[in-house]
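Note sheet for the following structure.
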Number of protein chains: 2
Amino acid sequence: MLVYDWYFSVKAMATIGEPLYRRVRQDIVECELTPGKSFSEAELGRMYNASRTPVREACRRLEHEGLVRIIPFRGYSIAPLSISEFHDLQEMQSIFEPSAAAFAAERASQPELDEMQELATYEYRVNDKSSYRAFLQKNYQLHSLIAQASRNRRLSEVVSNIHVRLMRFFYLGLSFEPYGPTLVTEHISLVEAIRKRDAEEARRMAAEHIRKAVERSGSLLMSAIRFGETVFEVLPEDEISPLVSGTSTRRVQGSAS
Amino acid sequence: MLVYDWYFSVKAMATIGEPLYRRVRQDIVECELTPGKSFSEAELGRMYNASRTPVREACRRLEHEGLVRIIPFRGYSIAPLSISEFHDLQEMQSIFEPSAAAFAAERASQPELDEMQELATYEYRVNDKSSYRAFLQKNYQLHSLIAQASRNRRLSEVVSNIHVRLMRFFYLGLSFEPYGPTLVTEHISLVEAIRKRDAEEARRMAAEHIRKAVERSGSLLMSAIRFGETVFEVLPEDEISPLVSGTSTRRVQGSAS
DNA sequence: CGCGAATAGTCGGTATACCAAATGTTGACG
DNA sequence: CGTCAACATTTGGTATACCGACTATTCGCG
């Protein structure tokens with residue numbers, strides 16, 4: 001088992017915060033918790049049977065990951081889904097996934113390669129909702145595993161985060177279902193290249209894969225809008241960037257996450 | 001003023017957590033808090049005159065940013081500096097910064113361009129410690145501003161975080177001082193390209209800039225090791241990756257930050 | 001009737017008491 | 001003398017009470 005949880009690696013650990021965080025995150029990703037919905041600490045605490053402290057902690061983590069928004073002294077809301085966020089996320093993918101794939105080709109371990117193979121060759125039953133959901137998971141795992149195989153932990157973390165955020169769009173209804181088989185094919189050629197240890201080919205395949213994904217989601221969005229089934233709100237990507245100035249020495253400092 | 005703080009945008013806000021977080025972060029970045037040093041919540045609370053709650057919160061955020069490590073039920077430590085971390089960070093730079101520069105060339109606002117100009121042309125007095133420290137700040141601000149100008153917030157956050165982490169190495173003693181003037185020159189050509197709105201040139205300049213930085217730090221590390229002045233510990237990049245499995249459905253899930 | 005100031009209500013921010021996990025220590029027993 | 005179990009200690013994890021920030025509402029005055 002390549003992918004596992006540090007958490008279980010020792011023992012059970014009867015802590016509330018960690019499982020809570022995971023549950024809430026999963027519910028956000030799967031859109032059980034509606035994007036944009038606002039809530040309070042107490043409320044969430046009731047929903048998940050937890051007191052404010054762990055709830056608070058989970059919310060902070062989730063905010064840091066871009067899944068929750070905090071308005072100081074006022075409350076929380078599930079991060080809304082916006083077209084600009086979707087765009088940013090895909091742009092990020094197109095920046096790092098090719099490199100991640102290239103590094104993976106050079107650095108992946110044998111077990112990782114095997115696992116990739118397995119994840120890529122998922123047989124997908126068209127028009128089967130649960131099969132599609134399973135595919136979303138596989139897709140996430142595959143991309144994460146490739147990133148992990150890049151042997152660059154920061155990179156791996158970023159890739160995971162981007163995919164976590166992207167998945168919300170898919171769960172909400174931006175369905176790639178019609179493209180499913182195509183996606184599987186692309187995954188297979190990508191993994192093929194990695195297994196051949198051909199870094200440049202892997203880079204090309206990944207770049208191509210993302211490029212096509214962007215294209216496809218473009219047309220999905222177009223038709224969604226044309227048919228008036230606006231899948232998500234169009235928000236004027238709120239405030240300006242998250243940078244800072246100190247006093248005299250203007251200090252840039254992103255939220256640095 | 002391009003870079004500002006949402007925080008001051010409304011009013012003073014007498015909250016403890018936020019300023020505390022900033023102070024601790026600054027102290028970690030500037031290595032006032034020694035890398036590797038372990039501490040407890042209570043201890044840090046005494047040092048910064050704060051109670052456990054805000055301390056805890058700050059530490060969690062800092063852990064998420066890779067500046068602090070948490071050992072459940074045992075305590076905290078300032079994240080150690082390792083060669084592999086340094087390597088990972090530079091690799092991240094080489095992935096993200098060229099794209100950031102290219103986007104900045106296409107999307108930066110006029111005020112941003114002006115600010116970049118100002119940051120790049122910093123006049124640097126060789127052999128002046130305080131001038132060097134100021135330069136480190138400018139360097140950080142410039143890179144962050146370019147990322148900000150990419151108009152992709154996730155990208156901007158990632159780049160900021162990378163630089164925050166990198167700065168610790170410089171503050172610890174990995175001194176680029178002898179290369180100072182060279183760096184300034186490189187910054188100027190990079191900003192030049194961005195101001196000309198030449199995306200591809202900006203991409204090349206950024207890539208070149210990072211490549212050279214990698215080269216330079218390579219030789220710095222070499223000599224540091226040769227002279228036995230090991231600047232930082234060589235740690236066997238601890239445990240294996242941060243991935244997860246659920247129960248039956250093996251679910252990859254990075255710390256997703 | 002309109003508007004602004006007082007006010008009540010909501011919600012997060014903070015402090016703190018208490019609980020449980022992990023570890024180190026010590027002493028009884030083989 | 002070694003081993004291991006009971007225990008003391010340290011440190012986070014969790015619950016909760018209290019406080020201050022922010023909002024919305026309402027009431028009174030012009």
Side-chain angles (χ1 to χ4, degrees), chain A residues 5-25 28 33 36-65 67-79 238-239 255, chain B residues 5-25 28 33-34 36-65 67-80 238-239 255:
Chain A
D5 194 346
W6 61 266
Y7 175 103
F8 292 110
S9 58
V10 185
K11 62 170 62 175
M13 184 178 299
T15 162
I16 298 188
E18 183 68 23
L20 174 70
Y21 158 73
R22 290 172 189 276
R23 278 173 51 200
V24 177
R25 187 177 70 168
I28 294 177
L33 294 170
K37 181 173 186 295
S38 67
F39 61 93
S40 73
E41 289 179 352
E43 200 175 334
L44 206 71
R46 279 192 300 275
M47 287 167 60
Y48 292 87
N49 283 96
S51 81
R52 278 185 63 202
T53 311
V55 165
R56 200 179 156 72
E57 189 175 308
C59 288
R60 299 277 168 171
R61 278 175 79 176
L62 292 165
E63 188 217 12
H64 209 81
E65 292 169 18
L67 299 180
V68 157
R69 289 197 177 177
I70 302 180
I71 302 142
F73 293 105
R74 286 301 296 165
Y76 300 77
S77 60
I78 308 295
D238 38 291
E239 330 74 38
S255 53
Chain B
D5 193 346
W6 60 267
Y7 174 104
F8 294 109
S9 57
V10 184
K11 61 169 62 176
M13 186 177 297
T15 162
I16 297 187
E18 183 68 23
L20 173 70
Y21 159 73
R22 289 172 189 277
R23 279 172 51 200
V24 177
R25 186 178 69 167
I28 294 177
L33 293 170
T34 321
K37 180 174 186 294
S38 67
F39 61 95
S40 73
E41 290 179 353
E43 201 174 332
L44 206 70
R46 279 192 300 275
M47 286 167 61
Y48 292 87
N49 283 96
S51 80
R52 279 183 62 202
T53 311
V55 164
R56 202 179 154 72
E57 189 175 309
C59 289
R60 299 274 168 174
R61 279 176 79 176
L62 292 165
E63 188 217 13
H64 208 80
E65 292 169 17
L67 298 180
V68 157
R69 291 197 175 176
I70 302 180
I71 303 140
F73 292 105
R74 286 303 294 164
Y76 299 77
S77 59
I78 308 295
D238 39 289
E239 330 74 38
S255 53

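Atom set for the values below is all heavy atoms of this structure, side chains included, hydrogens, waters and symmetry mates excluded. A, B, ... follow the sequence lines: proteins, then strands. Residue 1 opens every chain.
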(request) Can you label the angle between the Phe39(A) ring and the Tyr76(A) ring as parallel, tilted or perpendicular, going by 30° and 60°? (result) parallel
(message) Can a donor-acceptor pair be found, under 3.5 Å and without considering hydrogens, that links the side chain of Ser40(B) to the backbone of Glu43(B)?
(response) yes
(message) With a 3.5 Å distance limit and no angle check, can you tell me whether Glu57(B) reaches the backbone of Pro54(B) through a side-chain donor-acceptor pair?
(response) no
Over how many whole Å does the gap from [X] atom [atom1] to [N] atom [atom2] extend?
{"X": "Ile70(A)", "N": "dT10(C)", "atom1": "CD1", "atom2": "P", "value": "22 Å"}
{"X": "Asn49(B)", "N": "dT16(C)", "atom1": "CG", "atom2": "C1'", "value": "17 Å"}
{"X": "Phe39(A)", "N": "dG12(C)", "atom1": "CZ", "atom2": "P", "value": "8 Å"}
{"X": "Glu57(B)", "N": "dG12(D)", "atom1": "CD", "atom2": "P", "value": "16 Å"}
{"X": "Arg56(A)", "N": "dG12(D)", "atom1": "CZ", "atom2": "C1'", "value": "17 Å"}
{"X": "Arg52(B)", "N": "dG13(C)", "atom1": "CZ", "atom2": "P", "value": "18 Å"}
{"X": "Arg69(B)", "N": "dT11(D)", "atom1": "CZ", "atom2": "C1'", "value": "19 Å"}
{"X": "Arg46(A)", "N": "dT10(C)", "atom1": "CZ", "atom2": "P", "value": "12 Å"}

(message) Taking the side chain as everything from C-beta on, heavy atoms only, tell me whether Ile78(A) gets closer than 4.5 Å to Leu67(A).
(response) no
Side chain of [X] only, please: which of [options] is the nearest?
{"X": "Phe73(A)", "options": "dT11(D), dG13(D), dA21(D)", "result": "dA21(D)"}
{"X": "Thr53(A)", "options": "dA15(C), dG13(C), dT16(D)", "result": "dT16(D)"}
{"X": "Thr15(A)", "options": "dA17(D), dG12(D), dG13(D)", "result": "dG13(D)"}
{"X": "Pro54(A)", "options": "dC22(D), dA15(C), dT14(D)", "result": "dT14(D)"}
{"X": "Ser51(A)", "options": "dT16(C), dT16(D), dG12(D)", "result": "dT16(D)"}

(request) Indicate whether any N or O donor in one side chain lies under 3.5 Å from an N or O acceptor in the other, for Tyr21(B) and Glu65(B). (result) yes
(request) Would you kindly compare Arg74(A) and Ala42(B) by the position of their nearest DNA chain D nucleotide and give the one closer to the 5′ end? (result) Ala42(B)
